[in-house]
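The block underneath contains the structure these notes are about, expressed in structure tokens.
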Amino acid sequence: MFSPLNLPVAALLHRIQNGLSQVELVYTSHSLWPSPRVPAPHAKLRVLVLDASFNPPTRAHLALANSLPPIPSKQQESHGTNSPTSGGYDYDVKLLLLSVRNADKTLKPGDATYLQRLEMLKIFAQDLKQGEGLISESNVAIAMVDEPTFVGKSEILQTFFKDRFAASSQNYIAQLNFILGFDTFERLIQPRYYGSEQQMLTSLRQFFSPGGDDSSVVCARRAPSSYTPTEDVDFKIATEFVSTGRISFIDIGEDLARCSSSEVRNAIREHGLEAAEWKKVVSSEIASYIIREGLYNTLEMGIQVSKFETDELDFWYSPLTSLKPGHEVEQSVMSSLISAVAWVRRGVAERHPKKYVLDDKELERVSTLARIELEDARIELERAHEAAKSMGKGAEGDEADDQEDHNDEENWVDEEDDAMDVDSAPAPKSKDDDLSKYKLDEYDEDIQTTDAGPFSNIKGLTYYKDNEEDPYITLKEDEDDEREELEILPTDNLIVIAKTEDEISQLEVYVYDESQENIYAHHDLMLPNFPLCLEWLDFPPASSSTSAPSEKSDFGNYIAVGTLDPEIEIWSLDTVEAMYPNSVLGRPDVTKAHVPVPLGTGKKKKKKTKHRTVEKGYHVDAILGLSWNKVQRNLLASASADRTVKLWDLSRDPTNGMDDGTVGGAIRSFDVHKDKVQAVQWNEKEPSVLLTGSYDRTVRTFDSRSPATGVGAILGSDVEALRWDPWEDHGFYVSLENGIVLNFDVRTLPSNLENPSPARFTLSAHDGAVSALDVNPHIKGCLVTGGTDKLVKVWNVTDEVDGGKKNVSLVTSRDLGVGKVFSAVFSPDDPLTLAAAGSKAKMQVWDVGANMGARKAFGSKLREAGKVLREKDSNSGGLIGVVSDDEDSDVEGAEE
């Protein structure tokens with residue numbers, strides 16, 4: 001159940017590090033967390049919070065997490081203190097909390113990355129024993145925050161638990177018990193972390209007071225043989241809170257108390273991964289992970305630094321630095337993945353796509369769309385031309401040449417004599433090889449260039465009408481060959497995937513030829529941030545490209561993209577090598593120039609510690625879902641992490657001003673949910689009706705003209721995906737984080753969510769989150785689901801003759817080798833063909849009709865729909881995929 005929010009863990013980490021969220025849940029032991037599975041007999045839940053920045057987690061940490069609440073002493077009871085815990089029972093809730101910021105420590109070369117620490121925490125959480133009291137089942141979660149102090153963590157978590165309980169309509173109250181090692185406890189009572197001793201006492205009294213945060217601290221005593229007193233710690237400060245039971249001490253045994261993470265790291269660095277000493281300090285599962293990942297073994301593996309390790313770095317890039325002269329720090333490779341897939345039906349794409357041209361008209365369009373004054377853009381282009389003439393001089397930042405006086409001969413050195421064996425007397429050069437025409441003598445003459453501006457980092461930007469006019473291209477293209485390579489036949493489908501690989505996010509466009517069972521990459525489009533959702537549309541948005549218009553001016557071939565940015569980009573799929581989208585929805589501020597910059601600029605984003613203020617005209621957080629209205633073709637709906645759903649008019653120029661001061665903003669904004677809105681979809685039969693699902697564990701459907709009259713249902717878990725049933729205008733499916741798929745009839749749902757809202761049927765689909773869901777548009781009752789259990793399943797839903805109930809049966813299930821399945825979508829043209837992709841950055845097209853059981857199950861429905869399955873001679877089992885150079889064509893898994 002890793003990443004319950006259906007976002008890659010790296011994306012959750014990005015949200016925390018950039019202030020987009022205060023708390024992000026990475027793992028929960030069950031979907032109701034933090035509410036116990038068995039209702040607690042008391043309203044105040046005892047929450048164990050273990051500061052879990054382990055590097056790595058040891059048996060001592062496990063003992064702390066498994067410790068029972070201490071029994072209050074008679075002295076504490078005599079003070080009339082309401083002890084935060086009562087002995088004999090386990091904690092009701094356990095939270096392993098990883099902070100990406102430490103008050104003292106920064107990540108060092110050789111440390112485990114944050115992603116690796118989270119993976120070890122997942123193993124650690126599974127090592128925790130079940131509770132021994134009334135709450136007998138594991139109730140554990142892993143979360144991330146960006147707060148170094150316990151006082152700050154307490155404040156954030158109080159708000160988090162309050163919102164979490166309110167969203168699930170639970171009346172529990174969280175009472176936080178921070179479990180600390182002795183070294184950490186010393187930092188808790190050191191004034192230097194607060195500014196002064198008086199400020200420390202004020203903060204701690206708020207932290208411990210029943211009228212304040214009502215938190216407590218439980219500290220493990222240190223083994224005397226391994227304890228060195230800290231000089232600047234005055235333990236008398238803690239007396240006030242020890243006497244009232246707010247600070248307690250426990251023993252975990254001297255042997256365990258000696259265990260430390262540094263002991264593990266040092267042993268591996270000195271003796272290697274095969275040494276036996278360090279393996280006694282950690283659990284066997286953690287030891288296996290350390291060996292598998294090669295952690296801390298810098299002597300053999302080299303020093304690695306993750307791109308997620310420092311606040312100075314942007315989300316995807318980590319510039320190479322040096323620890324010692326001649327020793328570069330290597331970047332760790334991020335897990336690649338495909339987060340979304342979209343089909344384009346046959347006959348829509350232009351047969352001969354256009355090439356993107358950055359001419360004056362396009363520059364004017366981009367400038368307007370990006371909020372840059374035209375004159376500024378022209379100046380930037382002139383600067384780029386000057387830089388091109390100087391062959392790279394004048395670039396700024398890391399790309400800049402040294403600013404020293406290159407005319408000084410002392411600053412230049414000759415190449416080594418033994419760099420390459422050459423003849424002693426080189427042959428005389430012909431006139432054609434004469435380098436004088438390049439005017440190298442003038443290379444070092446200064447060119448007047450200035451800094452700043454979004455285009456100033458473009459090196460050598462000089463554009464020509466075509467390559468024939470470019471004097472630096474000596475091998476001219478064969479236009480006929482290129483035209484043939486880019487040709488898309490009317491019988492071809494396009495498949496668009498949102499992919500992140502090797503630190504780069506992009507859209508990859510594939511051509512799928514069903515008749516030849518062939519799929520190949522056509523072109524790609526760079527994205528400014530991590531993509532989360534895709535939606536195909538044929539309506540040409542306002543402010544579209546100035547390239548030559550298509551013959552079908554009222555229709556086009558576009559893809560809308562939602563990313564971690566609060567903006568929606570719309571790209572033409574009929575233009576290759578495009579540098580900028582055709583339209584951008586949701587740019588709020590006219591005064592802010594915003595041109596997509598290359599990833600890895602190292603810019604720090606201002607940290608925000610609270611929810612962003614919701615705006616009516618634009619989103620202020622990540623775009624999680626998109627839906628295009630196929631009837632009212634100019635309408636696009638978006639769902640966001642800012643808890644709103646917005647409606648956009650694609651015919652409206654996003655660069656034109658609005659009456660409220662915004663620019664090209666949303667025409668409607670709906671705030672029908674209390675938490676992040678994960679999914680949204682229009683009803684094709686009722687084109688004004690929207691269906692939405694949220695992390696507040698509710699699903700709602702309403703008329704966009706009167707949202708207050710909507711209906712909905714309370715669910716048992718967070719929403720992962722949803723779909724209207726194209727065969728019933730009143731039916732829809734919802735998939736949940738707990739592995740369940742529900743089917744509802746809108747006509748039976750209440751307007752008041754406090755009333756019962758039973759589903760027509762419940763399907764236990766996957767062991768883990770059902771992150772992918774689609775309903776077949778060709779065959780009634782054909783459903784596909786994909787989950788974090790790596791399986792893609794096809795279901796058959798039939799109606800009973802008597803009673804109108806529905807029967808659901810599993811037709812086929814298969815591991816397609818794509819990892820955790822994030823997207824599975826039926827083809828718009830072939831009745832039993834689907835595309836699936838996931839955490840392995842691999843996309844597969846599956847012809848389900850190649851399965852005999854599927855042909856038998858859907859045979860009668862296919863005949864009723866007038867569909868015919870073409871017989872195919874294939875040994876692939878119906879799978880067609882793009883095989884990379886470094887992998888076999890063998891497909892993981894097999895059909896059941």
Side-chain angles (χ1 to χ4, degrees), residues 1-2 4-5 23 25-50 52 62-72 82-97 121-122 124-143 157-158 160-179 214-216 218 675 695-698 713-719 736-740 742 753-754 756-759 762-770:
M1 208 177 299
F2 214 37
L5 300 187
V23 183
L25 278 176
V26 177
Y27 165 88
T28 59
S29 57
H30 61 90
S31 61
L32 298 176
W33 189 95
S35 299
R37 298 192 197 194
V38 179
H42 42 267
K44 181 178 286 188
L45 297 184
R46 299 160 297 198
V47 182
L48 179 151
V49 182
L50 183 60
L62 190 61
L64 286 174
N66 278 326
S67 64
L68 295 177
I71 301 174
N82 293 323
S83 178
T85 56
S86 56
Y89 297 125
D90 199 355
Y91 294 96
D92 303 303
V93 185
K94 294 184 179 181
L95 176 63
L96 307 179
L97 189 66
L121 282 181
K122 174 74 177 303
F124 183 86
Q126 294 170 344
D127 284 339
L128 292 180
K129 67 182 181 182
Q130 292 184 344
E132 297 178 349
L134 293 178
I135 311 304
S136 59
E137 295 189 75
S138 177
N139 194 22
V140 185
I142 302 170
L157 290 178
Q158 290 288 356
F160 168 74
F161 278 104
K162 181 179 179 181
D163 292 343
R164 188 85 177 171
F165 289 135
S168 58
S169 301
Q170 300 288 340
N171 295 321
Y172 292 124
I173 300 173
Q175 198 281 319
L176 305 180
N177 300 265
F178 289 89
I179 313 299
D214 195 24
S215 297
S216 68
V218 179
D675 206 339
Y695 297 154
D696 64 6
R697 300 182 178 182
T698 67
I714 294 179
L715 311 171
S717 185
D718 294 344
V719 172
L736 304 179
E737 184 262 343
N738 61 4
I740 300 296
L742 302 173
L753 295 188
E754 295 181 358
S757 50
T762 299
L763 174 64
S764 182
H766 291 269
D767 183 13
V770 187

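Side-chain atoms are counted along with the backbone in the values below, which use heavy atoms only and exclude waters and symmetry mates.
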**OP:** Rounded to the nearest 0.5 Å, what's the gap from CZ on Phe178 to CG on Leu48? Could you check?
**Re:** 10.0 Å

Original post:
Distance from Leu97 atom CG to Ile179 atom CD1, nearest 0.5 Å?
Top reply: 12.5 Å

Subject >> Straight-line distance of Asp718 CG to Asn738 CG, nearest 0.5 Å >> reply: 9.0 Å

**OP:** Indicate yes or no: at least one non-hydrogen side-chain atom of Leu121 is less than 4.5 angstrom from one of Tyr27.
**Re:** no

Original post:
Under a 4.5 Å cut-off applied to non-hydrogen side-chain atoms, are Val140 and Phe124 in contact?
Top reply: no

Original post:
Pick from Lys44, His42, Gln175: which one makes a side chain to side chain donor-acceptor pair (under 3.5 Å) with Asp92?
Top reply: His42

Subject >> Any Ile173 side-chain heavy atom under 4.5 Å of Asp214 side chain >> reply: no

Original post:
If we only count heavy atoms from C-beta on, is the Phe160 to Leu25 side-chain gap below 4.5 Å?
Top reply: yes

**OP:** Write down the atom of Ala143, the atom of Val23, and the distance for their closest heavy-atom approach.
**Re:** CB-CG1, 4.1 Å

Original post:
Looking at Pro39 and Tyr172, what are the two nearest heavy atoms and their distance?
Top reply: CA-OH, 3.6 Å

Subject >> Polar side chain donor-acceptor pair, Asn139 to His30, under 3.5 angstrom >> reply: yes

Original post:
Can you tell me how far the CZ atom of Arg164 sits from the CG atom of Asp675, to the nearest 0.5 Å?
Top reply: 8.0 Å

Subject >> Phe165 vs Leu45 side-chain heavy atoms within contact, under 4.5 Å >> reply: yes

Subject >> Pro34 versus Val93, closest heavy-atom pair with distance >> reply: O-CG2, 3.3 Å

**OP:** In sequence, state the C-alpha distance, the side-chain angles, and the governing distance for Ile740 and Ser764, and then conclude on side-chain contact (heavy atoms from CB on, under 4.5 Å).
**Re:** CA-CA 5 Å; Ile740 300 296; Ser764 182; 4.0 Å; yes

**OP:** Write down the atom of Leu50, the atom of Ala65, and the distance for their closest heavy-atom approach.
**Re:** CD2-CB, 3.8 Å

Subject >> Leu95 vs Leu157 side-chain heavy atoms within contact, under 4.5 Å >> reply: yes

Original post:
If you look at every heavy atom in Ala713 and Leu753, which pair is closest and at what distance?
Top reply: N-CD2, 3.5 Å

**OP:** Please tell me if the side chains of Gln158 and Ser215 come closer than 4.5 Å, counting only heavy atoms from C-beta onward.
**Re:** yes

**OP:** Would you mind reporting whether Lys122 and Leu96 have side-chain heavy atoms less than 4.5 Å apart?
**Re:** no

Subject >> Glu737 and Ser31: side chain donor to acceptor below 3.5 Å >> reply: no

Subject >> Point-to-point distance, once rounded to the nearest 0.5 Å, from CD1 of Ile714 to OG1 of Thr698 >> reply: 7.5 Å

Original post:
Which heavy atom in Leu715 sits nearest to a heavy atom in Leu736, and how many Å separate them?
Top reply: CD1-CD2, 3.6 Å

